Asks: 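Quick one: the structure is below, questions incoming.
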Amino acid sequence: MNTTIVGSGRIGTALADMGDAIVIRRGEAIPAGDGPIYVCTRNDDLDAVVEATPPARRDDLVFLQNGMLRSWLASRGLSDNTQALIYFAVQKLGDKPVDGGGTMAWGKWALALTERLQSAGLDCKVVDRGSFDRQLIEKLLWNCIFGLLSQRYATSVGEVVDRHADDVEALVRELAPIAERTLDIQLEADVTQRLCDYSKSVADYRGAVKELPWRNGWFLDIERTPLHVRWLEEVGISV
């Protein structure tokens, strides 16, 4: 079994440092063979990654991206591919990952990814799809809320918790019900506390609004809620 990593940014480099792997960079074809193909690229590059992957190997693609990929995966016939939720931060290229706890994966190569991360001292577990979907929404909320507030206040996610916890709670009240209705799921109680706890575990990380169509834009397409829209506009995001 060969491990392939697509992307040489912060996460791809961190994964490559954890053991033997073939690293594929932009524009390079993914080789034939067997084993997991960890996709560590921006969401907007995903179509190109699929096209660079031999059809017989596309079920080996493992998606580590933040954001809501569900519709895109279905459109490419990849709904059953392995996905992971990453709860560790790499502040800059080459830095050691800071573990926030709670990384999880489901699917064909979930165990392989778990073992790779655990070998580097990072927490990871294999879960079923239902558990994954609930945590997917919590991670989406974290990226959307703390990215926006970190940018709005020009500060780290830890400082957002310390100084602007009321704003976090306000956005959770606006956005969480949208996701629950749309995906027909029920989030567990104390969502805000868990999001804040994770932020404190990676307190120095400074977020921003990124990859709008895959993150905040997913909520906007369903419902434009007042605080979410107003604060996005305050940081210069056209909505």
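Since we're looking at a predicted model, the values are computed, not measured.
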Asks: One pair to check against side chain to side chain donor-acceptor pair (under 3.5 Å): W214 and N66. What are the steps and the verdict?
Replies: CA-CA 8 Å; W214 305 86; N66 288 311; over 6 Å; no
Asks: Between D45 and R42, is the closest basic N to carboxylate O distance under 4.0 Å?
Replies: no
Asks: Considering only NZ, NE, NH1 and NH2 on the basic side and carboxylate oxygens on the acidic side, decide whether K96 and D17 come within less than 4.0 Å.
Replies: no
Asks: Looking at R134 and D128, is there a salt bridge between them, counting it only when a charged N and a carboxylate O are closer than 4.0 Å?
Replies: no
Asks: Search all heavy atoms of Q151 against all heavy atoms of V209 and return the closest pair with its distance.
Replies: OE1-N, 2.9 Å
Asks: Is it true that K200 and D162 have a side-chain N and a carboxylate O under 4.0 angstrom from each other?
Replies: yes
Asks: Suppose clustering is done on Ile, Leu, Val, Met, Phe, Trp and Tyr with side-chain heavy atoms closer than 4.5 Å. Which residues sit in the same group as L111?
Replies: V126
Asks: As an exercise, state the distance from OG1 of T41 to CD of Q65, rounded to the nearest 0.5 Å.
Replies: 5.0 Å
Asks: Using the ring of each side chain (for Trp, its six-membered ring), is W142 parallel, tilted or perpendicular to Y198, with breaks at 30° and 60°?
Replies: perpendicular
Asks: Could you tell me the separation between the CE atom of M1 and the CG atom of D20, rounded to the nearest 0.5 Å?
Replies: 10.5 Å
Asks: Should K139 and Y87 count as side-chain neighbours, where that means a heavy-atom distance under 4.5 Å?
Replies: yes
Asks: Is it true that E51 and R76 make a salt bridge, defined as a side-chain N closer than 4.0 Å to a carboxylate O?
Replies: yes
Asks: To the closest 0.5 Å, what do you measure between OH (Y153) and CD (E159)?
Replies: 13.0 Å
Asks: Please report, to 0.1 Å, the donor-acceptor pairs under 3.5 Å made by any side chain of residues 175-186, with sequence neighbours excluded.
Replies:
from : atom 1 : to   : atom 2 : distance (Å)
E180 : OE2    : Q186 : NE2    : 3.2
E180 : OE2    : L187 : N      : 2.9
R181 : NH2    : E223 : OE1    : 2.8
T182 : OG1    : I178 : O      : 2.8

Asks: Taking side-chain contact (heavy atoms from CB on, under 4.5 Å) as the test, write out the residues that go with Q91, two or more places apart.
Replies: D95, Y205
